[in-house]
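So the structure is just underneath, and the comments pick up after that.
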Amino acid sequence: VTTCEHGLPAEFCPKCGKGQAPNLVKDGWCEEHNQPEATCPQCKAKATEEPEEPTKRKESGEGKEQAEKKADIRPLSIVKLKRPGLAGKIGLKTAPATEERHAHQLRGNAEAAYNASRYAEVRPRIAGFAREVKVEAGDEVRRGQVLAVIDSAEVGSAKAQYITAAAEVALAEATHKRTTTLVQKDALPGKNQLEAETAVNRSRAGLMDAEQRLRNLGLADPELARVRETRDTMSLLNVVSPIDGTVVVRKAVAGEAVEATTPLFAVADTSLMWAWIDLSERDASLVAKGQPVTFTVAGTDGDGYAGKVTWVGTEVNPQTRTTRVRAELKNHDGKLRANQFGRADIQVEDEHTSLLVPKTAVQDFERARLVFLAQDDGSYRPQRVMTRPASRSDVVEVTWGLKPGQRVVTTRSYLLKTELMRDALGAGCTDD
Ligand SMILES: [Zn+2]
Ligand SMILES: [Zn+2]
Ligand SMILES: [Zn+2]
């Protein structure tokens with residue numbers, strides 16, 4: 001094919017070529033409102049309106065305005081090639097529009113993180129010395145398992161206070177019981193009973209204080225019972241894991257002094273990890289809780305880690321203009337690590353079947369998009385279509401304007417568009 005001075009196949013160039021008489025096409029498109037005619041709400045509304053009197057219409061100038069608007073749009077016409085065989089020469093290829101089962105996915109940069117609801121930092125809650133450290137980083141631990149033993153005089157005194165308080169309650173209750181009996185027999189005046197009741201209440205309050213102090217150190221009911229029964233006043237405190245998981249941080253060193261708030265360990269349940277996903281505002285608006293997610297670690301082509309969206313951010317980052325989305329991922333092989341970078345693919349809709357055509361088949365034309373349909377006589381009929389992006393970047397989904405089996409020009413359709421533009425300029429006016 002010879003290329004003309006305008007950089008196009010010579011027989012296609014609107015400036016070099018000869019004009020054709022336009023063969024106008026009706027494709028069911030409302031040009032006035034730029035959407036499918038059958039469902040155009042403005043046209044429907046107009047049809048049900050009271051017919052206006054012609055004079056009134058003229059005065060408002062509405063009719064004239066619309067006529068002008070319509071005239072702005074270049075009409076569509078059948079495109080005929082000058083010679084048979086030219087299509088092959090200039091590289092026009094066609095393929096039947098076919099339906100495909102597919103899902104719509106969004107992609108965003110993502111970072112793996114520990115699941116914050118299954119992550120715990122472990123602190124001694126009391127100042128003292130680390131007497132013993134029982135676990136290493138990487139160890140699997142169960143909830144309640146002893147991670148370290150802290151030696152703290154404060155623990156001993158708290159236990160002693162608790163044992164004393166428990167004894168005081170027992171004594172006050174016994175006194176109260178005896179006093180009640182004696183008062184009932186009139187062996188004691190009534191005010192003695194009142195005093196005994198006050199003593200019981202006071203001792204119980206003291207026991208609650210002492211008990212709370214031990215609970216604050218992490219002692220639960222079984223340990224409290226054991227302390228009472230064995231009269232244990234040792235200064236040792238077990239530091240236990242609050243959850244099932246893996247020791248991911250171990251800072252405790254035997255023999256070192258610790259403060260109440262010193263982090264000794266972090267335990268994480270790494271079987272369910274989080275991914276923080278950054279999405280554009282537009283993409284984020286399509287994401288909802290429960291949608292399937294696949295996280296792929298950067299630099300790997302593995303199957304990735306499957307999960308679900310658990311939270312969609314409520315704000316846009318003013319710097320990056322992105323919104324954060326959180327997903328929960330099954331760490332099926334245990335190899336997903338916190339802070340790993342990767343990409344996340346979110347399936348934003350259920351799988352469905354519809355027509356997909358190559359992106360190269362679709363051309364922008366006069367505010368709308370169109371494809372060219374190959375006719376049996378070798379000509380091409382432009383057809384406006386409604387499209388939406390598909391997950392694969394090489395295709396678009398056609399939601400209106402195309403039927404399965406229709407033959408669509410899939411390559412070099414811009415050459416046909418060029419021809420359409422020439423026709424639109426008016427036959428003959430480009431003849432030199
Ligand atoms: Zn030219
Ligand atoms: Zn309309
Ligand atoms: Zn679709």
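Every number for a ligand or one of its atoms is a count from 1 in the order of the listing. Computed from a predicted model, the values in this text were never measured in an experiment.
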Practice item. Take the angle between the ring planes of Tyr119 and Tyr114 and call it parallel below 30°, perpendicular above 60°, tilted in between. Key: parallel

Exercise for review: Output the atom name for the N/O/S atom of His102 with the smallest distance to the Zn ion (ligand 3).
Suggested key: NE2

Review point. Is any side-chain N of the basic residue among Asp244 and Arg142 closer than 4.0 Å to the acidic one's carboxylate O?
Key: yes

Point to revise | For Val25 against Ser77, the heavy-atom pair lying closest together | key: CG2-C, 3.7 Å

Point to revise | Tally, protein N/O/S atoms nearer to the Zn ion (ligand 2) than 2.8 Å | key: 4

Review point. Is any side-chain N of the basic residue among Glu328 and Arg118 closer than 4.0 Å to the acidic one's carboxylate O?
Key: no

Review point. So, Glu349 and the Zn ion (ligand 3): N/O/S under 2.8 Å, yes or no?
Key: no

**Study point:** Residues Arg213 and Glu211 bridged, charged N to O under 4.0 Å
**Key:** no

Check your understanding: Can you tell me if Gln363 and Arg369 form a side-chain donor-acceptor pair at under 3.5 Å?
Key -> no

**Study point:** Centroid-centroid under 6.0 Å between Trp400 and Trp29 rings
**Key:** yes

Exercise for review: Compute the angle centred on the Zn ion (ligand 3) spanning OE1 of Glu397 and NE2 of His352, and express it rounded to 10 degrees.
Suggested key: 150°

